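Computed from a prediction, not measured in an experiment: that's the story for all the values here.
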Amino acid sequence: MKFPLILPHLRFLLLVTFCLSAGPALSETVMFRADSMTGSSGNGGDFARLTGNASITTESVEIFADTIELSGKGYRYIKASGNVSGTNIKEKIDFTCAEMHYDRELKLSSMQDTVHLVDRANETVANAQLMEYDEKSGSVVMQISVAMQQKDNVCTGSYAIYNTKTRKLFLSGNPQIVQGSDTFRAQEIVLDLDTNEVTLDGRVRGAVRRDDE
């Protein structure tokens, strides 16, 4: 089966709703919009390409981008590129990036190029060049130019693992945490976002200021 090509100059807004039933993990309604769409379905797997003001909404995520591709059996995989933004609906996490890959079955997201993530539930904002988010475990792996802020904590490094469920942050790669007027540096740093407890390991250094009452 092939979907008809809708010419971009017609600026026709396509709205299609369909139910995917490639196993229990993928049995959900997917809604999408775009200026144009092409696609196919067969033994080689399903494929759809949405171009121009594209958006897709499932029970788990809402994604907007210049282009969105759905592929694999039951449209398991989503690839979004160009001005990507969206929300993980259940976990209340907003994101923007240049490119995103999402596995609907495993609930895994991979984002790259100036990734900006807002964890509204934990009042946390994070930036990095690469991020991988495992919705099931709550783990966010961040790489390259990592910067994260949560209340009075400003955290930087080149590699980080942030868990949205346990509210723990691991930093490495010249890591630093600034808490108000206090600064902490080490080879590896672990921060408990609930208690503000900082654990330092390797080449520990820092500066702590205590004003007299």
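The backbone N or O of Tyr159 lies less than 3.5 Å from no partner atom in the side chain of Gln143, so there is not a single donor-acceptor pair. Judged by distance alone, with hydrogens and angles left aside, the side-chain atoms of Asp46 form a donor-acceptor pair with the main-chain N or O of Gly74 at under 3.5 Å. Between the side chain of Arg104 and the backbone N or O of Tyr75 there is at least one donor-acceptor pair closer than 3.5 Å. Without hydrogens or angle criteria, Arg49 side chain to Phe47 main chain gives no donor-acceptor distance under 3.5 Å. In this structure, the side chain of Asn153 does not engage the main chain of Asn196 through any donor-acceptor pair within 3.5 Å.
No chain of hydrophobic side-chain contacts below 4.5 Å, direct or via other Ile, Leu, Val, Met, Phe, Trp or Tyr residues, connects Leu70 to Leu108. In this structure, Ile177 is a member of the same hydrophobic cluster as Val204, with clusters built from ILVMFWY side-chain heavy atoms closer than 4.5 Å. Taken together through direct or relayed side-chain contacts under 4.5 Å among Ile, Leu, Val, Met, Phe, Trp and Tyr, Phe64 and Leu50 form parts of separate hydrophobic clusters. Criterion: ILVMFWY side-chain heavy atoms under 4.5 Å apart, direct or through other members. Under it, Val141 and Val190 are part of a common hydrophobic cluster. Hydrophobic clustering (ILVMFWY, side-chain heavy atoms < 4.5 Å, transitive): Val198 and Val146 are in one cluster.
Looking only at side-chain heavy atoms (C-beta outward), Met100 and Tyr102 come within less than 4.5 Å of each other. You'll find the side chain of Thr164 stays beyond 4.5 Å of the side chain of Lys92, heavy atoms only. Proximity of Thr183 to Gln176: side-chain heavy atoms (C-beta onward) are separated by under 4.5 Å at one or more points. Counting only heavy atoms from C-beta outward, the side chains of Leu130 and Glu132 never approach each other to under 4.5 Å. For the pair Ser85 and Thr96, the minimum side-chain heavy-atom distance is below 4.5 Å. Taking the side chain as every heavy atom from C-beta outward, Arg76 and Asp103 approach each other to under 4.5 Å. A heavy-atom distance below 4.5 Å is found between the side chains of Phe170 and Glu188. A heavy-atom distance below 4.5 Å is found between the side chains of Ile161 and Ser139.
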Query raised in the report: Taking it one step at a time, do Met148 and Val140 satisfy side-chain contact (heavy atoms from CB on, under 4.5 Å)?
Result: CA-CA 12 Å; Met148 180 171 145; Val140 183; over 6 Å; no
Requested in this report: Kindly indicate, with the supporting measurements, whether the criterion side-chain contact (heavy atoms from CB on, under 4.5 Å) is fulfilled by Lys79 and Glu99.
Outcome: CA-CA 7 Å; Lys79 176 185 176 181; Glu99 184 172 304; 4.0 Å; yes
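Contact detail for Gly138 and Lys165: the closest heavy-atom pair is N-CE, 3.7 Å. Across every non-hydrogen atom of Ala128 and Met142, the tightest pair is CB-CB, 4.0 Å. Smallest separation of non-hydrogen atoms from Tyr162 and Asn122: OH-ND2, 3.3 Å. Residues Leu171 and Cys155 approach most closely at CD1-CB, 3.6 Å, considering heavy atoms. Shortest non-hydrogen contact noted between Ile189 and Phe184 is CD1-O, 3.7 Å. Closest approach of Ile68 to Ile63, counting heavy atoms only: CD1-O, 3.8 Å.
Note that the OG1 atom of Thr195 and the NZ atom of Lys168 stand 7.5 Å from one another [nearest 0.5 Å]. To the nearest 0.5 Å, atoms CD1 (Ile56) and CZ (Arg33) are separated by 13.0 Å. We find the CE-NE2 distance between Met111 and His116 to be 11.5 Å, quoted to the nearest 0.5 Å. Here CE of Met131 is found 11.5 Å from OG of Ser110. Values are rounded to the nearest 0.5 Å. Here the CD-CD1 distance, from Glu135 to Ile93, works out to 8.0 Å after rounding to the nearest 0.5 Å. Annotation: the span from Gln150 atom CD to Leu169 atom CG amounts to 9.5 Å, rounded to 0.5 Å.
Asp182 and Gln179 are not linked by any side-chain donor-acceptor pair at a separation below 3.5 angstrom, with hydrogens and angles left out of the test.
Salt bridge status for Asp192 with Arg167: absent, with no side-chain N to carboxylate O gap under 4.0 Å.
The number of heavy atoms from other shown groups lying within 6.0 Å of CG (Asp152) does not exceed 12.
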